[in-house]
Amino acid sequence: MLYSSSLVRFSRAAVKVGLSKSGGGTSGVEPFFLKVGPQTTCRTMAKSKFEYVRNFEADDTCLQNCWVVVRLDGRNFHNKFISHVVSQFSSSFVFYWEDFFKDQSLLFPPGFDGRVVLYPSNQNLRDYLSWRQADCHINNLYNTTFWALVQQGGLSNREAEEKLKGTLAGVKNEILFSEFNINYNKEPEMFRKGTVLIWQKVEEAVDKQVTTPDTPEGINVMVKKTRKKILPLHVDIIGDGFWEEHLEILACSS
């Protein structure tokens, strides 16, 4: 990817929130997130035992031969759930962009789509998230190999696409190792696993001003305060380890 080095590394994969660097043509998999900058697109999703969860997605195609009216509303967000989430995510994406990409300006206003999917069981939810992480891995492996062939191997985008067309994961790993001395399994987990965001209680020390009979003007003392904070993790969520360590995630449904 022809961006700054920090953007290249960060944009390879993300499970929950992030960017995905796309490879070329019809090989590989469909990227999960917003594409930024000049790139080509992969269109097929990861094939795995978890893919059945896609059947829960309802068809939301608009009726043909009708006027399409899009109404924007700033009220009743408790009933207009998905529009509120997409709107909030879009504005936050733009607002916090410079905090993460200081040397890369937005090239155009980003837009996001969204849908509400209902999964009736904990296992369905876990399988959905497993599907997304498996897709993240396959997508990142393809893109890592594709851009190594282009940026280090001197191939054009089309030549790299043709070389990777129809290849399995083992072939891509072999290309990375034999041609570029890259062991994909040693790539940072942030790119191979993506990013999982969870709420977690953390204990913080804060200054608090208190008054006493001896110090009516007040003094600053250090007190400990527990609050919930969003914690980014780059871990495997397909196995049981993550869920056993974070039982609170599914506890509310029991």
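Starting from 1, each residue takes its place in the sequence as its number.
Donor-acceptor pairing under 3.5 Å is lacking for the side chains of K201 and T226. Looking only at atom types and distance, the side chain of N157 has no donor-acceptor partner in the side chain of E161 under 3.5 Å away.
Other residues sharing a hydrophobic cluster with V221 under the 4.5 Å side-chain heavy-atom criterion for ILVMFWY residues are V206, V210, I219, V223. Think of V202 as one node in a network of Ile, Leu, Val, Met, Phe, Trp and Tyr side chains linked at under 4.5 Å; it has no links at all.
The backbone N or O of V235 sits less than 3.5 Å from a side-chain atom of Q133, completing a donor-acceptor pair. In this structure, N143 contributes its side chain and N139 its backbone to a donor-acceptor pair below 3.5 Å. The backbone N or O of T167 lies less than 3.5 Å from a partner atom in the side chain of K172, making a donor-acceptor pair.
Here E98 pairs with nothing under the salt bridge (charged side-chain N to carboxylate O under 4.0 Å, His left out) rule; sequence neighbours left out. With sequence neighbours left out, Q88 forms a side-chain hydrogen bond (donor to acceptor under 3.5 Å, both in side chains) with no residue at all. Applying the side-chain hydrogen bond (donor to acceptor under 3.5 Å, both in side chains) rule to E162 yields the partners K165; only residues at least two apart in sequence or on another chain are considered. Partners of E159 by salt bridge (charged side-chain N to carboxylate O under 4.0 Å, His left out), not counting sequence neighbours: none found. With sequence neighbours left out, the side-chain hydrogen bond (donor to acceptor under 3.5 Å, both in side chains) criterion links E179 to K163. Judged as a side-chain hydrogen bond (donor to acceptor under 3.5 Å, both in side chains), and not counting sequence neighbours, S90 has no contacts. Annotation: ring-ring contact (aromatic ring centres under 6.0 Å, His included) contacts of F177 (sequence neighbours excluded): none. For Y184, the ring-ring contact (aromatic ring centres under 6.0 Å, His included) criterion is met by H137, not counting sequence neighbours.
The minimum heavy-atom distance between P232 and T195, with the atom names listed, is CB-CG2, 4.1 Å. Nearest heavy atom pair, residue F56 against residue P120, reads CE2-CD, 3.5 Å.
Under the 4.5 Å side-chain heavy-atom criterion for Ile, Leu, Val, Met, Phe, Trp and Tyr, L118 and I82 are members of the same hydrophobic cluster. Hydrophobic clustering (ILVMFWY, side-chain heavy atoms < 4.5 Å, transitive): V86 and V116 are in one cluster. The hydrophobic cluster containing F95 also contains F89, counting ILVMFWY residues as joined when their side-chain heavy atoms lie under 4.5 angstrom apart, directly or transitively.
Rounded to the nearest 0.5 Å, atoms CD1 (I238) and CZ (R132) are 12.0 Å apart. The line from NZ of K224 to CD of E203 is 5.0 Å long, rounded to the nearest 0.5 Å. Within the model, atoms CH2 of W131 and NZ of K49 stand 15.5 Å from one another, a figure rounded to the nearest 0.5 Å. Once rounded to the nearest 0.5 Å, the distance linking CD1 of I175 with CZ of F146 reads 12.0 Å.
Looking at L141 and L176, their side chains come closer than 4.5 Å, going by heavy atoms from C-beta outward. Side-chain contact check for F50 versus L129: every heavy-atom pair is 4.5 Å or farther apart. Counting only heavy atoms from C-beta outward, the side chains of L149 and L164 approach each other to under 4.5 Å.
Applying the ring-ring contact (aromatic ring centres under 6.0 Å, His included) test to residues at least two apart or on different chains, the pairs with a partner in residues 197-245 are F242-H246. Every pair passing salt bridge (charged side-chain N to carboxylate O under 4.0 Å, His left out) that includes a residue from residues 227-241 is listed here, sequence neighbours excluded: R126-D240, K193-D236, E204-R227.
By the 30° and 60° cut-offs, the orientation of the rings of W97 relative to F101 is tilted.
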Practice task
List the steps, then state whether side chain to side chain contact (heavy atoms under 4.5 Å, CB included) holds for N124 with Y52.
Solution key: CA-CA 9 Å; N124 290 150; Y52 81 92; 2.8 Å; yes
Practice task
Go through the steps for Q152 and I182 under the test side chain to side chain contact (heavy atoms under 4.5 Å, CB included), then give the verdict.
Solution key: CA-CA 11 Å; Q152 301 180 48; I182 297 175; 4.1 Å; yes
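For F93 and F112, the distance between ring centers is under 6.0 angstrom.
The 12-atom threshold is exceeded at CG of N185, counting heavy atoms of other residues, nucleotides or ligands nearer than 6.0 Å.
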